[in-house]
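Below: one structure, written as structure tokens.
Atoms within each ligand, like the ligands themselves, are counted from 1 in listed order.
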Amino acid sequence: MVSVTSCVLIALFAFGHLVRSYYTEEYRPQFHFTPEKNWMNDPNGLVYHNGKYHLFYQYNPNGTTWGYMSWGHAVSTDLVHWKHLPIALECEVDSNGNVLEMFFSGSAVVDANNTSGFAIPLGKDRRGKVIYSQPMVAIYTSNYPTAHTQSNGVVIQEGQQSQSIAFSNDDGLTWTQYEGNPVIESPPSEYADQYNQFRDPFVFWHSPSSKWIMVASLAMKQILLIYSSDNLKNWALESQFGPYNARFGQWECPSLFPLYVDGNTAAEKWVILMGINPGGVITGSGTQTIIGSFNGTTFVADPTDVTDPTQIPAGATVFQDFESTSSTFEELGWTATGDFAGLGPQQASTVDVWNIMGYLGKGVLTTYLFGDVAKGTITSPKFTVTKKYISFLIAGGYYPYNPATAGTGDDNQVSIGLVVGGQVVHSQTGTDTESLVWRSWNVAGWVGKEAYLVVTDVNTGPFAHLHVDEIVFSDTPKDEANWNDLGPDYYAAATYNGLPTSERIVIGWMNNWAYAQNIPTTPWRSAMSVPRKLALKTINNKVRVVQQPVSSLSSLYTSTLYSRKFTALQSGYSKIYVPSPYNARMKVTLRFTRGTGTKFGVVLRSNATNSQETVIGYDFLGQNVFVDRFKAGDNSFVDWEPNPYPGYFIATMPTKSTDAITLTILLDWSSVEVFDGLGQIAITSQIFPLDDSAQVKLFSEGGTTRSVSVSINGMKSAW
Ligand SMILES: *[C@@H]1O[C@H](CO)[C@@H](O)[C@H](O)[C@H]1NC(C)=O
Ligand SMILES: *[C@@H]1O[C@H](CO)[C@@H](O)[C@H](O)[C@H]1NC(C)=O
Ligand SMILES: *[C@@H]1O[C@H](CO)[C@@H](O)[C@H](O)[C@H]1NC(C)=O
Ligand SMILES: *[C@@H]1O[C@H](CO)[C@@H](O)[C@H](O)[C@H]1NC(C)=O
Ligand SMILES: *[C@@H]1O[C@H](CO)[C@@H](O)[C@H](O)[C@H]1NC(C)=O
């Protein structure tokens, strides 16, 4: 009996393996890094050494959600094909099952000069000279969930986060923790209460000062601490930086590195790259950069790269700041419906009680009038668009305007929209914070047209409210931060040590804490972005961080599967035939110039009826690159409200009507990454379409698009 049963089980198991071969499960990324199984988050310890790119990563060896955090490990010679290696640093659990130490995010360096004393003799060369190892040293956050006394006598508090080191003399395969850990036990005494929010050390060798430099985060204070060391063991605090720009959330995973401006090796600037969560550009996790200078002790931001949230742009006209003592919207010339009829902006004395922060002056528009249950609209008077940007302060819940449901019973938006000619041409929802942040819309395409603004809150769920303040018109935009990626799924980005300044390679975690642990993948969860190369480029007189996928990715491109030029692409959809399996994983390059149309782009992963589709393109009037994943596929996994998964993501990129615009799109089984030709914008978004949704269509909306050229390569699997 027993043996028969086990035979059947073995047969089923074997069959399962036959039908689901390696790395071909539903949604399994084909050219992005994923662990074979289990949960992954931040990339860690990125270091290039002896011809190999090491990728360590936050890893749970026990399951597909966060926990037991350890450092997973993989290596590659080309940043495309990865070899999985054993866990490098494994979560420590005591005999009762209590987790004593988790290995949180950090970095790795190669200590070529044995400053740490960790080098060992490896043998002798043919001439009898001793060959020494070059120790790889990992610098990470020890997160201690349980209070205990370590074997070296150090007393650890519950929840403490300290910085520790470990070394490897076999190129990262096996690791020894330094017996003197942690090397930085606590933050400076003025932040003693932040002992449990002190993390993510990024270390690099700074040759001008012949020191190791560390930048680590006081996450809840939005402060980066900069330390220096001669030996990776003893660290001295040199300076601190922040808060600046996006600062309503935890600052995590900072890094600091030089880049050349426009490829000029004499023009070096330093860049801080960091994650913020929550408080990202969409909601949840986001990534921002700040450009400045670094002299070995102190990072000073370029004044042009930090924003003062209390200042409106130079030359701006205030359309409405809600400061008038008028008590109702009607008295301001606005109209209000539903629960908002007869009401007006709220004053500081009221909203301060609700913990609303970041508004200017005393008055603020809010739909949190009787709590989240209030529903209705608040509409501005009509105005003529005269300047290129409308900027405003906004906060509240993430319930985006969805054109497919707006005005229907399924409408659940909480947003502010710009209406021109009866159409909502721009909209912005909250980012799930109560702190107002700047957002701006490019409205150059509607200058001279009559428009109005409408705040719509037809949702009574949790966080279903919006706050708006300081609506201004100007010719320059006002944004909260320099967002490094304008999509929802790019976080904890980290860069490689061990490469020249002109080869700064970055990898981000392609997920978002707003829903990360629920994405519908098994037996793994989370992917890394494609590795990207960073540079600084002067665009419209401003130095900007630009990025492009690494060139080695081209080893996966198939020969061109589709290539066509259209002098003028007519309004409507044109279906493109891309053979399977490449209709679900491809590189699409679009080059086009404005015609009479208003939008141009490509529909990917769509079915015959377009009821499932991911739409990517350029909006000539709104002057932005967009990714629309409202109908991209499965979003049932987000089983709580607000539902942060769907959305329409824009990256403002002003162009002239004669410009040839280039977009490169990388489509994998569960993601899209979009870059423009200069690399000034990137939008990264996960999608979970049905296998059958594999049609590709070009579209031109509202008229023709000129000088269109389309080229498609399939992407071979890297696995
Ligand atoms: C989880 O992982 C840790 C470290 O790998 C291990 O020591 C522990 O026994 C595991 N626990 C469970 C419940 O699997
Ligand atoms: C190693 O020492 C050399 C010579 O002093 C120096 O130029 C180099 O920057 C050092 N590198 C590292 C990683 O310590
Ligand atoms: C590295 O430094 C340590 C401490 O100074 C020393 O004991 C060791 O011999 C050195 N290793 C090599 C290979 O030089
Ligand atoms: C670096 O700059 C800071 C701030 O400008 C200054 O206080 C410090 O003395 C400088 N350090 C060096 C080594 O030049
Ligand atoms: C299109 O996709 C939807 C899922 O959004 C599915 O229910 C429908 O059957 C598909 N239609 C066609 C024609 O493929």
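Among protein heavy atoms, the minimum distance from atom 9 (O) of ligand 2 is reached at Trp205 NE1, 2.9 Å. For atom 10 (C) of ligand 5, the closest heavy atom belonging to the protein is Asn607 ND2, 2.5 Å. Regarding atom 5 (O) of ligand 4, its nearest protein heavy-atom neighbour is Val300 CG2, 4.4 Å. Scanning the protein for heavy atoms near atom 3 (C) of ligand 2, the closest one is Asn113 ND2, 3.4 Å. Among all non-hydrogen protein atoms, the one lying nearest atom 1 (C) of ligand 4 is Asn295 ND2, 1.4 Å. From the protein, the heavy atom lying nearest to atom 13 (C) of ligand 5 is Thr609 CG2, 3.7 Å.
Counting the atoms of ligand 4 from 1 in the order shown, those under 4.0 Å from a heavy atom of Thr297 are 1 (C), 10 (C), 11 (N). Atoms of ligand 5 lying under 4.0 Å from any heavy atom of Gln612, numbered from 1 in the order shown and given with element: 2 (O), 4 (C), 5 (O).
Tyr53 places none of its side-chain heavy atoms less than 4.5 Å from the side chain of Val75. A 4.5 Å side-chain heavy-atom check between Ile665 and Val602 finds at least one atom pair inside the cut-off. A heavy-atom distance below 4.5 Å is not found between the side chains of Trp212 and Ser116.
Partner Asp668 forms a side chain to side chain donor-acceptor pair (under 3.5 Å) with one of His32, Gln686, Arg585, Gln30 and no other, that one being His32.
A donor and an acceptor atom, one from each side chain of Asn113 and Thr115, are nowhere located under 3.5 Å apart. A donor-acceptor contact closer than 3.5 angstrom is absent between the side chains of Thr429 and Ser415.
Checked against a 6.0 Å centroid threshold, the rings of Phe103 and Trp71 do not count as neighbours.
Under the 4.0 angstrom criterion, atom 7 (O) of ligand 2 counts as lacking any protein heavy-atom contact.
In this structure, Ser693 does not count as a contact residue of ligand 5, since none of its heavy atoms falls inside 4.0 Å of the ligand.
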